[in-house]
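Please see the structure below; I have some questions.
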Amino acid sequence: MKLHEIAVAAPVPGSLTYSYPVALPIGVRVQVPLGSRLITGYVLAQLPENDSVPAAIKAVADCLDAYPIFPAALVPFFRWMAEYYHHPLGEVIRTALPARLFGTSSRPTIKAKTETVVRLCAPRSDQAAAALKKSEQKTLELFYQHCGGRPVMPRRELTKLYSGAGTALKGLAAAGLITLEELHVYRDPFGELLPYSDRPAELTAEQTAAVNTVIAAIDAGAFQTFLLHGVTGSGKTEVYLRAAEHCLAQGKNVLVLVPELALASQMEGQFYPRFGERLAVLHSGLTPGERFDQWQRVLRGEAKIVVGARSAVFAPFSSLGLVIVDEEHEAAYKQDDSLRYNGRDMAVLRARFASCPALLGSATPSVSSLYHAEQGKYRLLTLPKRIGGQVLPQVELVDLSKEKRGRKDWFFSDRLLAALKENLANGLQSLLFVNRRGYAAFMLCRDCGAVVRCRNCRVSLTLHRGRNQLICHYCGYSLRPDIICPDCGSGDVAGLGLGSERVEAEVRRLFPQARAARLDSDATADRRAQISLLRQVREHEIDILIGTQMAAKGLHFPKLTLVGVVWADSGLSLPDCKAAERTFQLLAQVTGRAGRGEQAGKVIIQTHQPGHYVLTAARAHDCRAVYEQEIALRSMLGYPPFGRLINIRFSGENELQVEEAAKAAAALLRAAVTKDSLPADILGPAPAPLSLLKKRFRWQLLLKGAQPEVLHWLCDQLLLEKGKICGKKVRLTVDVDPENMM
Ligand code: ADP
Ligand code: ZN
Ligand code: ZN
């Protein structure tokens, strides 16, 4: 009998030992008895031979896989995560694997494989043209007219314009004026062909320096973290692509992470034309069958590059040569339930385990990353200029407190109105950014001042006019809007504060001639609607786009020259130590949408706090200014990057039980800290800012300290007593490096 170390997919700590007649390879799934049940387990190691198997060791009931479904190289990574996030090892592995492990998908993920592209061998010359046939001259002429200045164009577009182009192109190729190439092209999930983007012949000096540095690190094969700080449109993606090309040429694999699904599609679109079938994608937009297929392609070594969102960090590569994390500052890298891991941090950890470089890119790096760069822990690479010498848009702050009071449409200052009018008259596009969806942010009783709240959560309900409902954005609870005040019975209840729906209504009223559209998760609930709206914007069928966060990121519209931020302050006052940093990042991102074409962009930010450092920094495109302020503040408070945080949350349906559990936990932790004078602060317990959510009361307790080992040790002590402290009714969750403290 051989002994194996096996992690079971159940909330039990560590791993267990089971026997099997033959040695099982690391990475296969098995069925093992646990208590009175059979449960899935994962083989992590073969244990040393034993003459007699102790009677207490049970036997594996069944082996489920014909070959390993994850490489042995991932085992130390899983172990590390389980320990760091205080999560059962088997459940870490279950989270890592695709949900369905058998069966194949019915449709391939990446459609439309290759396309014939015409490439010009030499610039236009009338002399050479004189010797050509009429049809060939005409074809060349069409090429010059429709190629948009680039030396490449799909053949399909020319034959569409002129039926004789097919034959003429053959003649031109024979004459050595053009070449015909088969290139990979990319269709998005709905079959739309993405605009063709060529591999630039030359890199800028800054790009070259960045690429060479990363390439040297790939060749050195040692762990090192690079922070690529490049303004929007500075060509960061090209740096990723070149570094990836080099890595593949060395026979090593590449992992590319983006913070969310929509950006995954875009990144796919950039990588597919270069790498074709060597690319795999892993994200939540895939069906379980598709995910399984992609996983298998990586496992079999067919795919050399993975592009994906957070969970792609588990891609089953056994040899990585480079890890890339785009938009490294994004909070969306943090998973907010179950295994609360940070995809960005784990990507860096994978690079460390694989002894390869990690490349973190952003236009607005996180305060922590800039600090690490300053301290020499990361190596800083910068791309300070936009490609093609475009200037960053000019940013203006409008002080809303100086606008006429009592005006009903206060949320459009005269300045913003005039700019919108002007842009419209010039046939240019504008984007209005609003931080919240819905019509009115909350409903207020004008007689007693009460706010209408959700029955299940202690939050105000948002008025949605289109759906004619008051909706809770946390649990979905809804009411009809024609309510009477729950406190005093008055019928005079009015919507206050603004959301995207209301801004859209105002735009339609003020500019009836403009073609307006709204991009938020209410207006474009499915991805198909979203993509078709974005196409309308691209083809200039929309003049004014009203959008929430969804419209802030990654969009590239050359005709969009004006961005208006309707109210910049909503995020600033959140009870969160990263509120200022996040607001700046968001403003910088929205700002980056303007002026990406030939014409310069303009941004108007409306605010009640024009003197706030976040706003003056946004006006000056000055990342440093926010960094300096935040670093001073955080160093004083011992917040990251100076200290670490672990948030411990208690929740349950009985408020008193939750409070008592939180207090008992705090007492236990404080006693442990005092006993050995440990360097850790225990903050709280206190009700969470969202103190009632989905009918569950919530309290929290924050561990803070400069030595992570101490915090983790305290956490372990608490978890040992979890049963006694929480009983059966209170749930305890541990959130290491929390991004969301609401
Ligand atoms: P970022 O990712 O930094 O926002 P992008 O990668 O989107 O910037 O680059 C902006 C544009 O510049 C893209 O259309 C890209 O194809 C183009 N580009 C990048 N590098 C070069 C280069 N060296 N020469 C010409 N165009 C380039
Ligand atoms: Zn009232
Ligand atoms: Zn609710």
Side-chain angles (χ1 to χ4, degrees), residues 148-152 194-211 228-243 256 258 263 266-267 269-271 273-274 324-328 359-365 381-390 392 442-462 469-479 483-494 553-558 588-589 591-593 595-598 690-698:
R150 292 184 163 179
V152 280
L194 281 199
Y196 183 74
S197 110
D198 199 21
R199 186 177 191 272
E202 283 184 40
L203 297 181
T204 63
E206 290 88 359
Q207 281 175 319
T208 308
V211 170
L228 179 64
H229 181 189
V231 297
T232 49
S234 60
K236 292 187 289 299
T237 311
E238 192 58 41
V239 174
Y240 304 155
L241 288 163
R242 300 283 171 123
V256 186
V258 291
L263 298 173
Q266 277 189 27
M267 199 55 91
Q270 306 271 357
F271 273 74
R274 301 274 175 98
I324 297 171
V325 182
D326 193 28
E327 311 281 359
E328 68 90 24
L359 176 59
L360 312 176
S362 173
T364 50
L381 308 168
T382 47
L383 303 176
K385 295 191 293 276
R386 277 185 163 185
I387 295 282
Q390 285 167 350
L392 284 170
F442 53 95
M443 299 292 283
L444 184 80
C445 170
R446 285 207 264 218
D447 284 329
C448 76
V451 168
V452 182
R453 290 176 193 280
C454 173
R455 198 174 60 179
N456 310 321
C457 317
R458 257 178 216 141
V459 299
S460 55
L461 296 177
T462 301
Q469 280 177 328
L470 301 177
I471 301 174
C472 170
H473 283 183
Y474 290 90
C475 76
Y477 173 75
S478 68
L479 279 178
I483 46 163
I484 54 166
C485 171
D487 283 10
C488 75
S490 155
D492 193 7
V493 182
K553 291 171 197 161
L555 303 181
H556 177 82
F557 301 123
Q589 220 131 32
T591 297
R593 299 310 112 217
R596 296 176 72 96
E598 277 153 21
L690 292 168
S691 58
L692 176 68
L693 200 62
K694 297 178 187 172
K695 291 193 175 154
R696 297 179 70 85
F697 293 92
R698 304 161 83 240

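Just so you know, residue 1 is the first one in the sequence shown, and it goes up from there. All ligand and atom numbering here is 1-based and tracks the order in the structure. Quick note: numbers below take in every heavy atom, side chains included, and nothing from hydrogens, waters or symmetry partners.
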For ligand 1, does Ser234 get within less than 4.0 Å through its side chain, its backbone, both, or neither, judged by non-hydrogen atoms?
-> both
Looking only at distance, does Lys236 have an N or O less than 3.5 Å from an N or O of ligand 1?
-> yes
Report yes if the side chains of Arg242 and Pro200 come closer than 4.5 Å at any heavy-atom pair, otherwise no.
->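 Touching, per the 4.5 Å side-chain cut-off.
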Exam field: side chain Gln207 to backbone Gly235, donor-acceptor pair closer than 3.5 Å =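 Judged by distance alone, yes, a pair lies under 3.5 Å.
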Check: Pro384 main-chain N/O paired with Thr382 side-chain donor or acceptor under 3.5 Å |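 Looks like no, no N/O pair under 3.5 Å.
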Quick one: does Thr232's side chain get under 4.5 Å of Arg386's, heavy atoms only?
->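 Counting from C-beta outward, Thr232 and Arg386 do come under 4.5 Å.
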At a non-hydrogen distance cut-off of under 4.0 Å, which region of Glu202 contacts ligand 1 (side chain, backbone, both, or neither)?
->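 Looking at Glu202 and ligand 1, just backbone atoms fall under 4.0 Å.
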Any N or O of Gly230 closer than 3.5 Å to N or O of ligand 1 = no
Short side-chain to backbone donor-acceptor contact, His229 and Ala363, under 3.5 Å | yes
Is Tyr474 close to Asn456 at the side-chain level, that is, under 4.5 Å between some pair of heavy atoms?
->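 Counting from C-beta outward, Asn456 and Tyr474 never come under 4.5 Å.
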Tally of protein N, O or S atoms, where distance to the Zn ion (ligand 3) is under 2.8 Å |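 Under the 2.8 Å cut-off, the count stands at 4.
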Taking only heavy atoms of Thr237, which atoms of ligand 1 are found under 4.0 Å from at least one of them?
->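 Near Thr237, meaning under 4.0 Å from one of its heavy atoms, ligand 1 has 2 (O), 6 (O).
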Could you tell me whether the side chain of Leu228 reaches within less than 4.5 Å of the side chain of Leu383, counting heavy atoms only?
->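 Sidechains of Leu228 and Leu383: in contact.
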Mark up the atoms of ligand 1 that fall under 4.0 Å of a heavy atom belonging to Thr232, in ascending order.
->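 Near Thr232, the atoms of ligand 1 are 4 (O).
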With a cut-off of 2.8 Å, how many protein N, O or S atoms neighbour the Zn ion (ligand 2)?
-> 4
Distance-minimising heavy-atom pair for Gln270 and Leu241 = O-CD2, 3.7 Å
Here the pair of heavy atoms bringing Leu263 nearest to Glu327 is CD1-CG, 4.4 Å
Heteroatom distance test (Arg596, ligand 1): nitrogen or oxygen, under 3.5 angstrom | no
Pro200 neighbourhood, listing ligand 1 atoms whose heavy-atom distance to it stays under 4.0 Å |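 Contacts of ligand 1 toward Pro200, numbered from 1: 21 (C), 22 (C), 23 (N), 24 (N), 25 (C).
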Looking only at non-hydrogen atoms, find the nearest pair between Gly449 and Leu444 and report the distance.
->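 For Gly449 and Leu444, the tightest heavy-atom pair comes out as O-CD1, 3.4 Å.
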If you look at every heavy atom in Cys485 and Cys488, which pair is closest and at what distance?
->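 That closest heavy-atom pairing would be SG-N, 3.3 Å.
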Out of curiosity, is Val231 lining ligand 1, as in a heavy atom under 4.0 Å away?
->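 It does; at least one heavy atom falls under 4.0 Å.
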What are the two closest heavy atoms between Ile483 and Val493, and how far apart are they?
-> O-CG2, 4.0 Å
Is a side-chain N or O of Lys236 found less than 3.5 angstrom from the main chain of Gly361, in a donor-acceptor match?
->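 No; judged by distance alone, with no hydrogens or angles, the pair does not exist.
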Using a strict cut-off of less than 4.0 Å between a Lys/Arg side-chain nitrogen and an Asp/Glu carboxylate oxygen, indicate whether Glu238 and Arg274 qualify as a salt bridge.
-> yes
Strictly under 4.0 Å, does any heavy atom of Gly233 approach an atom of ligand 1?
-> yes
